[in-house]
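Report on the structure given below.
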Amino acid sequence: MPEMDERYNPQAIETAVQQRWTLQSAYRADEDPAREKFYCLCMFPYPSGRLHMGHVRNYTIGDVISRYQRMCGKNVLQPMGWDAFGLPAENAAIENNIPPAKWTRANIEDMKAQLQRLGFGYDWDRELATCDPEYYRWEQWFFTRLYEKGLVYRKKSLVNWDPVDQTVLANEQVIDGCGWRSGAPVERREIPQWFLKITAYADELLDGLDDLEGWPNAVKVMQRNWIGRSRGLSIKFRVVGGSAPLEVFTTRPDTLLGATYMAVAPEHPLAVAAAEQRKDVAEFVASCRAQSTSEAAIEKLDKRGVPLGIEVEHPLSGERLPVWVANFVLITYGTGAVMSVPAHDQRDWEFARAFGLAIKPVIKPAGGDVPDIEQGAFTEKGELVNSGAYDGMDFDTAFDAITQALGDSAQTQVQYRLRDWLVSRQRYWGCPIPMVYEGEAIHPEAAERLPVALPEEIEWQGVVSPLQTTASFVETTVPGSNKPARRETDTFDTFFESSWYFSRYCSPGATDGMVDERARYWMPVDIYIGGIEHAVLHLLYARFFHKLMRDDGLVDGPEPFKQLLTQGMVCKETYFRVDEQGRPRYFNPADVDVERDDKGAVVAAQAKADGEPVQIGPVEKMSKSKNNGVDPAVLVEKYGADTVRLYTMFAAPPDQSLEWSDSAVEGAFRFLRNLWRLVADHVANDSPVGSVEPEALNKELKALRQRVHATIAKVTDDVARRYKFNTAIAAVMELINALSKARDSSPAGRAVMQEGLEVAVRLLAPITPHCTDALWSALGHTESLLDTPWPRVDQQALAQDEIEVVVQINGKKRALITVPASADKAALEARAIEDQNIQRHVGNHEIKKIVVVPNKLVNIVVAT
RNA sequence: GCCGGGAUGGCGGAACUGGUAGACGCGCCAGACUCAAAAUCUGGUAUGGGUAACCAUGUGUGGGUUCGAGUCCCACUCCCGGUACCA
């Protein structure tokens, strides 16, 4: 066996192994129809400059799965790239006067080096950055295709407008209703923008969820609710003294006779017209402009409104109902108007109560009494009352009868909560939307003139997108002629780039299309790993985009991601002092000493700098603002990549949030060092290693070998089916603990030890690929660990002669008995009753029954 | 507000299909080694009682179903993610 350093020296091992991988292009993936492929994808990062623990966690999960699949013989593709467009680059540009392109490319270089240091097995030949014109030219091309197909349109939509900076703000940039830089109250404004018709695919996106067996249920439920398909009635109300009717959609036409007023959005034509006549309406509509466009902000507003002085005629009763303008009705939802039934809708109820509007119950529980609507609305379906001819009908009967009675003024309709995808952004650092304006006429950019390149050498003045003021960009000609024209200066939503990058990875360098034939080999992605925060938007847009590409014949299959693994956040405790203004000033945990009581509970903390106390805050997501980030690079430097990878996989299962602990990282390092020493001791011994002869093993060795194979079974299940790497690692730790205690240096003993160590090394190989590589050669192997087959369970070794069975009395554990594995029900009962503690507890109580769960427990039910 | 998720020792977590609550690791306590400390090794460690065997209590709160509930049902509290221009 080869010489082996007795000390575990991660830095030296990792450098050497990584150099060899690079030299051998160990992770290059080639299309090979003869082999089964496995496409493992992690959500690509935004290149902020520093790799954070969330990235390390995400990419370690992907790397573990990739390496496991490779050891199972699959042809594995694991690519990496950069979601390079976005707001932070613009902010850096404004703050530090660095062009976003330069800032972003420098960040990519830094982060790439950090990823490589962690030993992730990426095929870097497929690397892409979305800000690369050779990438975004294809989405520009595709957008013009969609325009020709009628899936793209232009429409006015609301934005947050900063009146001081004269710019559009993202929802994130609106703080308490004011612009984050200017501090000025934000205004809602309508501007023309580009949309993609995702609603045309709503049914397919909804129904497709049923077939996504490899997706977490929570994500599917969220997407279902987001799409929100509902069937209802579109009803036209005649406006008294008006020409155009007021149209509303309701899912509850059964409550039509309970409608007591109508509510419209501040931007609704009726409100706009009334504002010209009435001062109070004009003032109210103006006040509604001073609020952000975010749904969360609108829904939490105090519900306010004023009457427009307009009435509509109830289509069944002929009664006149007042029309109000209300701040919670959105012009972008449905028709921007709602029919209000306060007795059966809680929000309508609250509004009616606040403004003294009538509340008329028209539904009661089937067979019950008219509900008490003093305390709140009765929102369930039931039986109609106070509805004349419709009294006594149930929901479905009333739905049909009322639809029929309304005749031309109503139509059944399927409505979605989902709105079309607004893809325009009034920003510089994004992909230019390839459209050209010749006066009012719109022309898609011609394919041969693509890409419409974003000018990267720009001067940034103020906060407005420099694209609007760069004449060389704006001034152009109509495609196919010399007539002067202006370019669209809006750029795409960055979700546009991240909706198809996984297909492009499959066709690196393709110069005559978005993707080529190679994509048919690799797609769909077998497992997609990333943060749960992307459950709806990114993952819904990506599914939609895949379907658009499929309908253009570019890719195959209905869905892009076969399995989805959603990752939890990485958190850390916080420490702070409150300053004179009452604001917390945060201390990095590395700069704080903690004091513990004799149980180890943290009772106090002091800043290292001055020894004065600091307050202990809650455990929160690692962030700049809470100053509780831990830099992965520092830990890799101190312990090596394997320890960081091992700890992130061990601390929590992938889908849960992970609380970072520096001392537990130390524990992970200790484990690797102990493993190293165990192997070193084993190979340092010159006495012969026999071959394992299962039948000839003594009882101890047989039991040890049983553990080895039970561990293979456990770890394989955890890694391949459950994605619970924490319990997989715990199982290997238990095996190593057992092997450490075994000190049998006979040839048979050494043979079982050799088998156990080889198993442990292979089980850990995907998680800690560097040190296991070195250990594998130390154990006498010359072939690469990367392609060494995953260990297999020897079923015979798993068999146990004796098992432990719990004995309960009335469900409380009272004894633990050891019985032959072959013991039948009667034998188990007999052995259980024999037990002294059981005898004592049963006493002279009557035994009512005995429940036996084979191989597990006996529960004796006694009278009490 | 609405949609989704979560809560288990001093801490991270385990318990997979309703069947031994606390695996594994950290921390802490004690001992060994050391002039001493660190490192390392050995043992202990849910809480209360008991020398011990063992007993009682215990999985956010309050109810329920069951021979048996951390796990299922009902009602609630708090925390986290999303909420369409952060990515």
Side-chain angles (χ1 to χ4, degrees), chain A residues 43 45-46 48 83 86-88 159-160 168-174 216-219 221-222 224-226 228 293-301 328 332 346-347 417-419 421-422 424-427 493-495 498 531-538 540-541 566 568-569 571 573 596-603 618-621 647 650-653 655-668 670-671 717-718 721-722 724 726-727 729-734 737 804-813 816 836-837 840 848-851 853 856-857 859-862:
Chain A
M43 292 181 186
Y46 177 79
S48 60
D83 187 14
L87 269 183
V159 293
N160 301 309
V168 174
L169 297 177
N171 284 332
E172 191 191 52
Q173 298 171 317
V174 179
N217 201 46
V219 175
V221 171
M222 281 189 268
R224 243 174 236 129
N225 292 335
W226 184 264
T293 59
S294 90
E295 189 197 283
I298 290 162
E299 289 285 343
K300 280 183 221 160
L301 286 175
F328 58 85
T332 47
Q346 188 59 26
R347 191 168 67 180
R417 205 189 77 95
L418 178 71
R419 307 196 303 262
W421 181 7
L422 195 171
S424 310
R425 297 292 180 271
Q426 295 69 45
R427 314 209 176 280
D493 174 4
T494 57
F495 279 129
S498 57
I532 183 69
E533 66 272 21
H534 295 293
V536 177
L537 292 179
H538 162 60
L540 190 63
Y541 291 141
T566 51
M569 296 172 306
C571 304
E573 69 269 32
R596 294 171 187 277
D597 66 13
D598 58 5
K599 280 180 185 161
V602 173
V603 290
V619 173
E620 296 190 68
K621 179 178 173 170
Y647 173 70
F650 181 58
D655 53 352
Q656 280 180 35
S657 62
L658 180 158
E659 190 187 322
W660 195 268
S661 154
D662 288 326
S663 53
V665 176
E666 196 110 22
R670 274 202 288 268
F671 168 72
D717 188 48
D718 281 349
R721 180 180 66 89
R722 299 210 307 150
K724 300 277 186 199
N726 56 330
T727 51
I729 292 164
V732 179
M733 284 176 169
E734 285 184 79
N737 289 344
E804 288 191 323
V805 169
V806 167
V807 186
Q808 298 180 329
I809 291 173
N810 291 348
K812 276 191 196 298
K813 180 185 163 191
L816 193 60
Q836 273 198 353
N837 207 37
R840 197 164 64 80
K848 293 170 85 177
K849 72 169 169 177
I850 300 180
V851 180
V853 182
K856 278 238 163 89
L857 93 160
N859 187 17
I860 300 166
V861 184
V862 302

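So you know, we letter chains A, B, ... as the sequences are listed, proteins then strands, and number each from 1.
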By the 4.0 Å heavy-atom rule, please label A/Val665 as base, sugar-phosphate, or nothing. nothing

Looking at A/Arg670, I'd like to know whether one of its side-chain N or O atoms comes within less than 4.0 Å of OP1 or OP2 on B/A39. no

Checking base pairs now: Watson-Crick or wobble, both atom distances under 3.5 Å. What partners B/C2? B/G82

Work out how far the P atom of B/U8 is from that of B/G70, and round it to whole angstrom. 15 Å

Taking the same atom, C1', in B/G58 and in B/U47, what whole-Å distance lies between them? 8 Å

Pairwise 5' ranking along RNA chain B for A/Gly811 and A/Ser663, keeping only the more 5' one: A/Ser663

Protein-nucleotide distance (A/Asp655, atom CG; B/G13, atom P), rounded to Å: 11 Å

Can you check whether any acceptor in the base of B/C67 is under 3.5 Å from a donor in the side chain of A/Asn859, or vice versa? yes

Is there a donor on the side chain of A/Arg224 or the base of B/C3 sitting less than 3.5 Å from an acceptor on the other? no

By the 4.0 Å heavy-atom rule, please label A/Asn737 as base, sugar-phosphate, or nothing. sugar-phosphate

Quick one: on RNA chain B, does A/Lys621 or A/Tyr46 contact a more 5' nucleotide (nearest heavy atom)? A/Lys621

Side chain of A/Ser294 - closest among B/G1, B/A84, B/A23: B/A84

Please determine, for the side chain of A/Lys856, which listed nucleotide (B/G4, B/A84, B/G19) has the closest atom? B/G19

From NZ of A/Lys813 across to C1' of B/C55 the rounded distance in Å is 14 Å

Which part of the nucleic acid, if any, lies within contact of A/Phe650, taking any heavy atom under 4.0 Å across all strands shown: a base, the sugar-phosphate backbone alone, or nothing? base

Could you measure between the two C1' atoms, the one in B/G9 and the one in B/U57, and give it in whole Å? 14 Å

Using a 4.0 Å heavy-atom cut-off, does A/Asp83 contact any base of the nucleic acid, only the sugar-phosphate backbone, or nothing at all? sugar-phosphate

Could you check B/G25 for me: syn (within 90° of 0) or anti? anti

Between B/A21 and B/A69, how far is it from one P atom to the other, in whole Å? 10 Å

What is the distance, rounded to the nearest whole Å, between atom CZ of A/Arg721 and atom P of B/C16? 11 Å

With sugar-phosphate meaning primed atoms plus P, OP1 and OP2, does A/Gln656 contact a base, only sugar-phosphate, or nothing at under 4.0 Å between heavy atoms? sugar-phosphate

Distance-only donor-acceptor test (3.5 Å): side chain A/Gln426, base B/C85: yes

Of the nucleotides B/A14, B/G81, B/C85, which one has an atom closest to the side chain of A/Ile532? B/G81

At 4.0 Å (heavy atoms only), tell me whether A/His534 reaches a base, stays on the sugar-phosphate, or touches nothing. base

Write down the distance separating the P atoms in B/A52 and B/A37, rounded off to the nearest Å. 30 Å

Once you apply a heavy-atom cut-off of 4.0 Å, does A/Tyr647 come out as touching a base, just sugar-phosphate, or nothing? nothing

Any idea which of B/C85, B/C54, B/A84 is nearest the A/Val168 side chain? B/C85

For this output row, return yes or no: ring centroids of A/Trp421 and A/Phe495 closer than 6.0 angstrom. no

Which nucleotide wins on minimum distance to the side chain of A/Thr494, given the candidates B/G19, B/A87, B/C80? B/A87

Checking all strands, does A/Met43 fall into the base, sugar-phosphate, or nothing category for heavy-atom contacts under 4.0 angstrom? nothing

Looking at every strand, decide which applies to A/Pro45 at a 4.0 Å heavy-atom threshold: base, sugar-phosphate, or nothing. nothing

When both distances are under 3.5 Å in a Watson-Crick or G-U wobble arrangement, the nucleotide paired with B/U77 is B/A7

Taking only side-chain N and O atoms of A/Lys812, does any of them lie within less than 4.0 angstrom of OP1 or OP2 on B/U57? yes

If the C1' atom of B/G48 is compared with that of B/U42, how far apart are they to the nearest Å? 28 Å

Closest of B/A84, B/G81, B/C67 to the A/Tyr541 side chain is B/A84

When you measure from the side chain of A/Glu533, which nucleotide among B/A87, B/C86, B/C85 comes out closest? B/A87

So if I take every side-chain heavy atom of A/Arg425 and compare against B/U40, B/C16, B/C85, which nucleotide ends up nearest? B/C85

Nearest of B/C67, B/A14, B/C54 to any side-chain atom of A/Pro653? B/A14

Measure from CD on A/Glu659 to P on B/G10 and round the result to the nearest Å. 15 Å

Residue A/Leu87, side-chain heavy atoms: nucleotide from B/C54, B/A87, B/A84 that is nearest: B/A87

Scan A/Asp718 against the nucleic acid and name what it touches under 4.0 Å (heavy atoms): base, sugar-phosphate only, or nothing. nothing

With distance as the sole test, does A/Asp83 use its side chain to make a donor-acceptor pair with the main-chain N or O of A/Ser498 at under 3.5 Å? no

Report yes or no: does A/Asn859 contribute a side-chain atom to a donor-acceptor pair with the main-chain N or O of A/Gly811 at less than 3.5 Å? yes

Closest contact, heavy atoms only, A/Gln173 versus A/Val168: OE1-O, 4.3 Å

Once you round it to whole Å, what is the distance between P of B/U83 and CG of A/Asn171? 9 Å

Whom does B/A69 pair with, Watson-Crick or G-U wobble, provided both distances fall under 3.5 Å? none

Would you check if A/Arg427 and A/Leu87 make a side-chain contact, meaning some heavy-atom pair closer than 4.5 Å? yes

Between A/Asn726 and B/A14, is there a contact of a side-chain N or O with OP1 or OP2 at under 4.0 Å? yes

Would you classify A/Met222 as touching base, sugar-phosphate or nothing, given that sugar-phosphate means primed atoms plus P, OP1 and OP2, and contacts are heavy atoms under 4.0 Å? base

Any A/Asn810 side-chain N or O less than 4.0 Å from OP1/OP2 of B/G68: no

When all nucleic acid strands are considered with a 4.0 Å heavy-atom cut-off, which category describes A/Ala651: base, sugar-phosphate, or nothing? sugar-phosphate

When we call it a touch if two heavy atoms are under 4.0 Å apart, what does A/Val861 touch: a base, just sugar-phosphate, or nothing? sugar-phosphate

Pick base, sugar-phosphate or nothing for A/Ala170, based on heavy-atom distances below 4.0 Å to the nucleic acid. base

